[in-house]
Amino acid sequence: MSAPPDGSSRAPPGPPPGRPPVSFPPGPPPGAPAPPYSIPVVGFPGMTVPYPPRPPAFMMPPPLPAGWTEHRAPDGVTPYYYNASTKQSTYVRPLPAPGAAAAAPEKKKKEKPRDKVAIPGTGWTRVTTTEGNVFYFEKASKRSEWTVPDEIREAVEALERDEAAAQRAREEEESRRREEERVERLKEMERVRAEVEEERRRKHEDRERKRKADEEAREERRAKAAKVAEAGEAERGEGDGEAEDDGEGGGEGEQFAPDDEEDEEAWMRAVAAEFAEADQQAEAERQRTEEEVKRDEEEAVKQVFAAPGKIVVAPEEGRALFKALLYEKDISPFAPWDASLPLFINDPRYVLLSSMKERHEVFDEYCRDVGRARRLGKNKLPAAGGASTGAGAGAGAGAGATAPPDKKAEPEKEYRALLREHVTSTRTRWDDFRRQWKKDRRFYAFGRDDREREKAFKVHLRELSERKRADAQRAEADFFELLGETEIAPGAPWATVKRGISHDARYDAVGSSSLREELFGLHVKRLAAADKDEDAEARKAREKKERAERSLREREQRVRADKERVESEVGKSREGAGREEGERLFGSLLVDAIREEMSYAAAVDIIGQDARFNHPALRAGDKQRLFASHVARLASKQSSALTALFTAHTPALATPFVDVYPALADDALVARLGLGPPDLEARWDAYMRDRAARARQEFDAMLGENSFIEFWGRMRKKTVDERAAEAAKDDVVELEDFGGEDGRGLIEMAQTIDLDEIKSVLKRDKRYRQFDHVPDEREKWLHDYLENLAASSGSQTIHAVGAGY
């Protein structure tokens with residue numbers, strides 16, 4: 001079998017240039033006697049015998065331990081051993097450590113046939129080896145080739161086409177099977193989702209039914225209490241008017257109404273306590289029901305979406321399920337993403353979308369849809385909301401202003417906000433505040449009566465007083481700090497000092513000018529006392545502390561400047577990242593929408609409405625540049641596809657267009673590109689011109705690569721000179737194999753070679769045969785090449801041929 005085409009079995013070109021490095025040991029061990037070259041015979045004095053011969057290879061001693069090398073003594077015969085690390089030499093051969101064995105080189109596995117495929121209609125077999133190499137074997141002639149033989153090339157191509165068709169069929173079948181499995185999986189998920197929705201709807205209806213029943217029960221209790229109160233008032237009026245005349249009627253009145261004001265107050269407290277207890281029980285029942293429903297929903301969701309790993313779904317399915325999650329959790333469309341995220345992040349449907357960008361897009365779409373729906377339906381909301389608000393307002397104050405119907409009431413929060421906004425002085429009296437704001441909803445909506453409101457008012461005054469006292473103390477401390485940072489000359493008056501510090505905010509923080517002057521006098525007294533009592537060490541400590549504080553302030557300024565610089569660089573990096581993201585999104589938009597060559601203006605009409613087109617990080621020039629590169633790639637792909645199509649259907653340079661037109665016209669690529677007969681012929685003509693130019697270049701390269709033509713062509717033009725004759729006489733022995741006893745015979749042989757012999761050599765090359773349809777031009781090219789060859793340099797050429805190059 002011939003060697004593989006890659007040349008893996010060739011011998012290496014030779015050792016590297018230069019001499020290998022050699023390290024010599026210092027020599028044999030000092031003082032050691034030279035080893036004997038013979039052995040004395042016992043019993044025969046003076047008789048010796050030579051050393052026995054070297055044992056065979058299988059009886060050779062074990063290998064040397066690591067670090068030891070074998071060398072020869074100056075006599076060139078005696079071996080000795082040297083250890084370069086320990087600098088030790090000895091005539092005794094070191095033995096390896098017990099159990100140590102030389103590591104045997106790894107034996108390369110022999111390449112064996114792995115797959116054999118019989119080529120139909122021939123006696124050849126295609127064999128694939130364990131190393132991935134492919135060769136062809138003919139059993140009858142025991143012939144093997146690494147390349148496809150010409151006699152079976154068509155059969156091999158047919159076999160490869162059949163194998164490719166079978167592979168495509170298997171892939172299509174596998175793809176169809178996966179698609180069916182995916183559809184079944186989607187149907188199962190949809191069924192489960194429908195079951196979960198049905199369960200939620202049923203439980204929601206149960207909750208609504210229970211809530212309506214509780215409201216009806218509360219309304220009945222309130223109506224009953226109102227009737228009892230009205231009956232009691234009526235009976236008490238009758239009892240006051242007819243107590244002396246009708247004792248029976250008065251006794252009847254005592255059955256429904258209290259006897260006096262104390263009894264009436266106790267009775268009202270009992271009724272209120274009963275109502276409060278009933279409301280608490282109803283509220284506790286409602287909360288318990290909601291907790292049970294929520295727990296059941298969580299368990300149902302866990303059972304539905306529980307999976308050992310990540311669920312892989314299509315992007316459209318993931319977006320739909322994530323949007324259903326937002327609807328299920330009733331996420332507010334006016335809340336930001338960060339505030340809404342904790343409400344649904346633990347749901348398994350959150351991870352169905354792999355990127356945060358897709359989740360943000362679905363969340364924004366949900367907010368737009370729900371917000372639009374609420375805006376369209378807001379005319380229906382005030383009826384229900386306004387009724388409840390009006391009832392609440394009537395209970396607090398008859399003619400007070402009502403709040404917007406859709407605003408959630410927070411009485412205590414609004415009442416405290418009213419205090420913070422309008423009660424800014426600790427001298428404000430409760431009667432004045434109540435008289436001014438008693439008709440405001442924020443005032444009467446809080447608390448059961450004025451005593452609770454007054455209590456909250458007094459708490460606010462205490463907090464306000466404490467805040468003002470703390471602010472005043474902080475302002476005085478800051479003012480003292482300002483005076484401490486200012487250089488005050490001894491005996492300097494306040495009028496002079498304040499001109500230098502009046503621009504500082506800490507000066508204005510102290511509102512009274514007299515207080516500032518008083519604090520300045522106190523500071524001067526403290527300085528005088530400190531200077532009097534402070535010794536040298538204390539002064540040094542103070543100055544050291546001041547220097548440390550000054551250094552700390554300077555360091556803070558530097559850190560602040562570095563922080564601003566880093567934030568600026570981060571901003572620039574984010575801008576660059578946004579630009580890259582915009583280019584990536586715009587490229588994906590072009591891949592999705594632009595499938596054929598068109599102008600940029602026409603493309604804008606198609607992709608202008610997409611959000612990826614209006615990315616804020618992209619400028620108009622960037623979009624046009626990306627569009628131009630995308631169109632260039634499309635054109636390159638189309639050109640490559642057409643070139644491959646023409647190559648497949650055009651076997652030779654002489655093939656006319658009419659022969660290949662039916663096959664080209666029926667191809668799906670031509671139909672997709674919309675090429676008519678004239679356009680298709682123009683494309684094919686350009687392809688054939690390019691192919692002919694490449695073939696001509698290959699023909700010239702073939703002539704230059706052929707050493708036979710190179711040599712004999714030059715020798716035909718050679719004129720024998722005297723130096724060539726002398727060289728021929730000197731190299732008679734070397735030129736015997738080339739036509740005679742001198743160099744003149746070599747030239748004569750070259751002159752007798754016919755052009756047909758050169759053609760017979762060139763016919764073996766495919767680059768020569770592809771011009772069989774133009775033999776005259778091909779022969780002219782060959783003549784021109786031979787005429788343009790320079791003549792050989794005589795003896796140099798002869799020497800080169802004689803040397804076998």
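Just so you know, these numbers come straight off a predicted model, no measurement behind them. FYI, the numbering just counts along the sequence from 1.
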*asked:* Under 4.0 Å between a side-chain nitrogen and a carboxylate oxygen: does that hold for E197 and R200?
replied: yes
_More than 12 heavy atoms of other residues, nucleotides or ligands under 6.0 Å from CD of Q609: yes or no?_
no
*Looking at side-chain heavy atoms only, is the closest gap between R612 and F586 below 4.5 Å?*
no
*Within a radius of less than 6.0 Å around CD of E277, do more than 12 heavy atoms belonging to other residues, nucleotides or ligands occur?*
no
*What is the minimum heavy-atom distance between D338 and P342, and which atoms define it?*
O-CD, 3.4 Å
*Carboxylate-amine/guanidinium proximity below 4.0 Å for R295 and E291*: no
_Could you go through W494 and V524, starting from their C-alpha distance and side-chain angles, then the distance that decides it, and tell me whether this counts as side chain to side chain contact (heavy atoms under 4.5 Å, CB included)?_
CA-CA 10 Å; W494 166 243; V524 171; over 6 Å; no
*Side-chain heavy atoms of R368 within contact of E365, under 4.5 Å*: yes
*Candidate pair F322 and L352, rule side chain to side chain contact (heavy atoms under 4.5 Å, CB included), full reasoning*: CA-CA 7 Å; F322 187 72; L352 294 180; over 6 Å; no
*Carefully, step by step, assess R211 and R207 under the rule side chain to side chain contact (heavy atoms under 4.5 Å, CB included).*
CA-CA 6 Å; R211 184 181 62 79; R207 289 198 303 272; over 6 Å; no
*Indicate the atoms forming the closest heavy-atom contact of H630 with L590, along with that distance.*
NE2-O, 3.3 Å
*Heavy atoms only: give me the nearest F627-M598 pair and the separation to one decimal.*
CZ-O, 3.4 Å
*For residues R462 and K458, determine if any side-chain heavy atom of one lies less than 4.5 Å from a side-chain heavy atom of the other.*
yes
*Enter the distance from D369:CG to D364:CG here, rounded to the nearest 0.5 Å.*
11.0 Å
*Applying side chain to side chain contact (heavy atoms under 4.5 Å, CB included), run through F363 and K323 and close with a yes or a no.*
CA-CA 7 Å; F363 181 79; K323 196 170 184 181; over 6 Å; no
*asked:* So which atom in I488 and which in H523 form the shortest heavy-atom distance, rounded to 0.1 Å?
replied: CD1-CD2, 3.9 Å
*Is the shortest side-chain N to carboxylate O distance from R565 to E569 below 4.0 Å?*
yes
_Can you tell me how far apart CG (L325) and CD1 (I331) are? Round to the nearest 0.5 Å._
7.0 Å
*Charged N to carboxylate O below 4.0 Å: is that the case for R469 and E466?*
no
*Parallel under 30°, tilted from 30 to 60°, perpendicular over 60°: which one fits the rings of Y327 and Y366?*
perpendicular
*So R553 and E556, salt bridge (Lys or Arg N to Asp or Glu O under 4.0 Å) or not? Walk me through it.*
CA-CA 5 Å; R553 286 194 297 271; E556 288 177 351; over 6 Å; no
*Closest contact, heavy atoms only, E290 versus R286*: OE2-NH1, 2.6 Å
_Note: R506-E485 ion pair, threshold 4.0 Å (strictly below)_ = yes
*asked:* Between R560 and E564, does any side-chain N to carboxylate O distance fall below 4.0 Å?
replied: no
*Run the ring-ring contact (aromatic ring centres under 6.0 Å, His included) check on W437 and F443 step by step: do they pass?*
CA-CA 6 Å; W437 299 101; F443 179 89; 8.9 Å; no
*Would you indicate whether the side-chain heavy atoms of L522 and F480 approach each other to under 4.5 Å?*
yes
_With a 4.5 Å cut-off on side-chain heavy atoms, are W68 and Y82 touching?_
no
*Got a second to check how far L461's CG is from T428's OG1, nearest 0.5 Å?*
6.5 Å
_Would K498 pass as a cation-pi partner of Y507, given that its NZ or CZ must be under 6.0 Å from the six-membered ring centre and within 45 degrees of the axis?_
no
*Taking it one step at a time, do R416 and E412 satisfy salt bridge (Lys or Arg N to Asp or Glu O under 4.0 Å)?*
CA-CA 6 Å; R416 294 189 181 277; E412 182 178 1; 3.5 Å; yes
_Between R319 and V362 (side chain of the first, backbone of the second, donor and acceptor by atom type, cut-off under 3.5 Å), is there such a pair?_
no
_Taking every non-hydrogen atom, the tightest pair across T424 and R420_ = CG2-O, 4.1 Å
*Ion pair check, R434 and D431, cut-off under 4.0 Å*: no
*Roughly how far apart are H503 NE2 and D508 CG, rounded to 0.5 Å?*
10.5 Å
_So for atom CZ, which belongs to R467, do other residues, nucleotides or ligands contribute more than 12 heavy atoms lying within a distance under 6.0 Å?_
yes
*Are R185 and E317 ion-paired here, with the side-chain N under 4.0 Å from a carboxylate O?*
no
*Do the ring planes of F344 and W337 sit parallel (below 30°), tilted (30 to 60°) or perpendicular (above 60°)?*
perpendicular
_Contact between K540 and K544 at the side-chain level, heavy atoms closer than 4.5 Å - yes or no?_
no
*Inspect the contact between E546 and R542 and indicate whether a charged nitrogen and a carboxylate oxygen are less than 4.0 angstrom apart.*
yes
_Using the rule given for salt bridge (Lys or Arg N to Asp or Glu O under 4.0 Å), can you reason through K468 versus D471, listing the C-alpha separation, both sets of side-chain angles and the distance that settles it, and then say yes or no?_
CA-CA 5 Å; K468 288 191 173 185; D471 294 340; over 6 Å; no
*Calculate, to the nearest 0.5 Å, the distance between atoms CG and CG belonging to L626 and L618 respectively.*
6.5 Å
*Identified ring pair (Phe, Tyr, Trp, His ring centres under 6.0 Å) counterpart of Y415 within the set Y444, F457, F446*: F446
*asked:* Using side-chain heavy atoms (C-beta onward) and a distance below 4.5 Å, is E414 in contact with R441?
replied: yes
*Do R625 and D622 have side-chain heavy atoms sitting under 4.5 Å apart?*
yes
*Crowded around K357 NZ? As in, over 12 foreign heavy atoms under 6.0 Å?*
yes
_Interatomic distance, H360 atom NE2 to L353 atom CG [nearest 0.5 angstrom]_ = 11.5 Å
*Would E421 and R442 count as a salt bridge (Lys or Arg N to Asp or Glu O under 4.0 Å) if you check the C-alpha gap in whole Å, the side-chain angles of each, and the deciding distance to 0.1 Å?*
CA-CA 12 Å; E421 183 178 359; R442 296 173 291 176; 3.7 Å; yes
